[in-house]
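We number each residue from 1, following the sequence as shown. None of the values given here were measured: they were computed from a predicted structure. Ligands are counted one by one from 1 in listed order, and the atoms in each one are counted from 1 as well.
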Amino acid sequence: MSFSKLGLNRSLVDALAQKGYDTPTPIQAQSIPALLEGDDLLGIAQTGTGKTAAFMLPSIQRLVAANERVKPMRCRMLILAPTRELASQIAQSAKEYGRYTKLRVATVFGGVPIARNRRDLGSGVDILVATPGRLLDLIDQKCLALSDVEILVLDEADQMLDLGFIHALKRIIPMLPKDRQSLFFSATMPKAIRDLAGQFLTDPTEVRVTPVASTAERVEQYVTFVNQKEKQALLTLFLENNEIERALIFTRTKHGADRVVKLLAGNGIEAVAIHGNKSQPQREKALGAFRSGRVKLLVATDIAARGIDVSGVSHVINFELPNVAEQYVHRIGRTARAGNDGIAFAFCAEDERPYLRGIEKLTRQKVEVVPLPDNFLTEAERIKETRVGPVPAERPDRPRKPRQDRGPRRPRKTHDAKPANAQRKRRPGGGQRRRGSKSQG
Ligand code: AMP
């Protein structure tokens, strides 16, 4: 199956080829023909399935074909997304896929000066990606009207509801022209979401891909039982002993994310954090460093990580397990994107065991247990000492230089030589494989 067989024209196929994509993913194969026909669509799919291209490609083709001139302070395609990161990524995809067209793309979301949004919208844009709150602010300030929207996309609807955007959405719907094409995506489809979809869509084509369990099947998953206060040492050891291309580390709280970054820095390991307390420039800087590969470790909370698309995430580390099992599947879905396999590790404290049971029930899979390494206690001691040594409290609060500017890393005194053992690559601290064991730190 090729993109041109689905009905996409040359300029889009060329733009896809530039990204190295020549085969449609299942959601693309199922959605693109229907969307080119102008159908409404209900997509049950999560990120990682290729859904952005699934809705963006046919929409670009239709916008170009309709050849309408956009009026000032109007947009032709409106995409609503729950988070700023997702909105930026969607806009980026729109620009890449539409590189051989003249379509104008803009984003509006909170955290950037509204004056900039007003300027961007002044002469109108073809494709607007927005979070609902900022969109309404701009409408209220009469900087934007939705009367010319030809295509509406609501992305990650379940997350929208979780974040309390329902009232904003209910205000937005009546402002849209009735004669439009509507697309609605959600990873899950409980009744509240289906009801909401019913308000947006007319006789939609329904497409369902990657049920939750199958994402989990593509990821190698491991868990180590460890006391909460020893997790930091285990993480440090894990990062020292494994070949990490890029890892996403999840914590439950914003404070926890900052703490992990600080303690890793204390052990000479550079990481950046992204969470709701960070300003927009800070988030963008952290994501940029992670994307470019300058920093290999990104510590994130669930909300901040939702929808982040970075290729080459080799490991997802659940420093803390989420209390909602589906969240675990979203987290580990950050690795294993678009068909690649990935590796996920969880550090599970005693009080998190019920969460683990919930996860195993949802995914209908047992997560393989990896015990703590034999020398864990000694190693943990060493790591603690390193931490309370010259770092980080005694360091003045100034930006850290990138690793390469700081000269080579000093060899660690107590650290064993690492055998080039493939198994080590995916076991925290290099512990032995033992199915079903329940060692506790
Ligand atoms: P999404 O589900 O839209 O977040 O996309 C997940 C990832 O898959 C992104 O990195 C896309 O760029 C990538 N992707 C989308 N379509 C394809 C394709 N047909 N082949 C390979 N990768 C793709």
Side-chain angles (χ1 to χ4, degrees), residues 1-8 12-33 35-36 41 43-61 77 79-99 105 107 127 129 153-160 183-188 207-212 214-216 218-219 245-246 248 287-288 290-293 298 300 304-314 316 329-342:
M1 176 64 77
S2 69
F3 282 108
S4 44
K5 285 230 170 69
L6 295 178
L8 292 179
L12 289 166
V13 176
D14 286 350
L16 284 162
Q18 289 224 344
K19 288 193 59 109
Y21 303 162
D22 50 15
T23 315
T25 64
I27 192 167
Q28 292 162 3
Q30 291 174 56
S31 314
I32 291 173
L35 291 175
L36 284 173
L41 186 100
I44 305 164
Q46 49 202 51
T47 50
T49 54
K51 71 178 157 80
T52 312
F55 68 72
M56 199 54 89
L57 296 163
S59 300
I60 290 175
Q61 186 153 322
M77 176 179 187
I79 302 155
L80 294 170
T83 63
R84 305 158 185 187
E85 282 75 19
L86 184 62
S88 304
Q89 263 165 31
I90 295 171
Q92 187 57 33
S93 298
K95 285 179 191 154
E96 285 171 5
Y97 299 136
R99 64 193 306 159
V105 181
T107 47
I127 301 177
V129 194
V153 180
L154 197 107
D155 200 8
E156 307 223 338
D158 46 358
Q159 179 77 349
M160 294 260 197
L183 289 62
F184 187 104
F185 290 90
S186 185
T188 56
V207 171
R208 181 189 291 265
V209 291
T210 337
V212 149
S214 67
T215 302
R218 297 209 314 270
V219 181
E245 195 182 326
R246 261 195 211 120
L248 252 172
L287 261 180
F290 187 60
R291 270 211 187 97
S292 71
L298 179 68
R306 182 83 190 223
I308 288 181
D309 172 27
V310 178
S311 54
V313 173
S314 55
V316 166
V329 181
H330 288 311
R331 287 183 182 186
I332 68 170
R334 317 284 85 216
T335 177
R337 297 180 75 83
N340 297 321
D341 287 345

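Applying the side chain to side chain contact (heavy atoms under 4.5 Å, CB included) rule to A300 yields the partners L248, I274, A305; only residues at least two apart in sequence or on another chain are considered. For S314, the side chain to side chain contact (heavy atoms under 4.5 Å, CB included) criterion is met by I244, E245, not counting sequence neighbours.
Atom numbering of ligand 1 starts at 1 in the shown order; those under 4.0 Å from a heavy atom of T49 are 2 (O). Taking a cut-off of under 4.0 Å to the non-hydrogen atoms of K51, the atoms of ligand 1 that pass are 1 (P), 2 (O), 3 (O). Listed by number with element, the atoms of ligand 1 under 4.0 Å from a non-hydrogen atom of F3 are 19 (N). The atoms of ligand 1 that sit less than 4.0 Å from any heavy atom of T25 are 17 (C), 18 (C), 19 (N). When each atom of ligand 1 is checked for a heavy atom of T52 under 4.0 Å away, the hits are 1 (P), 3 (O), 4 (O).
For the atom pair CZ of R291 and CG of L298, the computed distance is 10.0 Å after rounding to the nearest 0.5 Å.
The side chain of Q28, and not its backbone, has at least one atom closer than 4.0 Å to an atom of ligand 1 (non-hydrogen atoms only; side chain from C-beta on). Residue T23 touches ligand 1 through its backbone alone, judged by heavy-atom distances below 4.0 Å.
Between P24 and ligand 1, a contact under 3.5 Å exists for no N or O pair.
Proximity of a side-chain donor or acceptor of S186 to a complementary backbone N or O of D158 within less than 3.5 Å is detected. Side chain of Q61 to main chain of G7: a donor-acceptor pair is present (N/O by atom type, distance under 3.5 Å, no hydrogens or angles). The main-chain N or O of A15 is never found under 3.5 Å from a side-chain atom of R99 such that the two would form a donor-acceptor pair.
Atom NZ of K19 is surrounded by more than 12 heavy atoms from other residues, nucleotides or ligands within 6.0 Å.
Nearest residue to atom 13 (C) of ligand 1 from Y21, F55, Y97 is Y21 (criterion: closest heavy atom).
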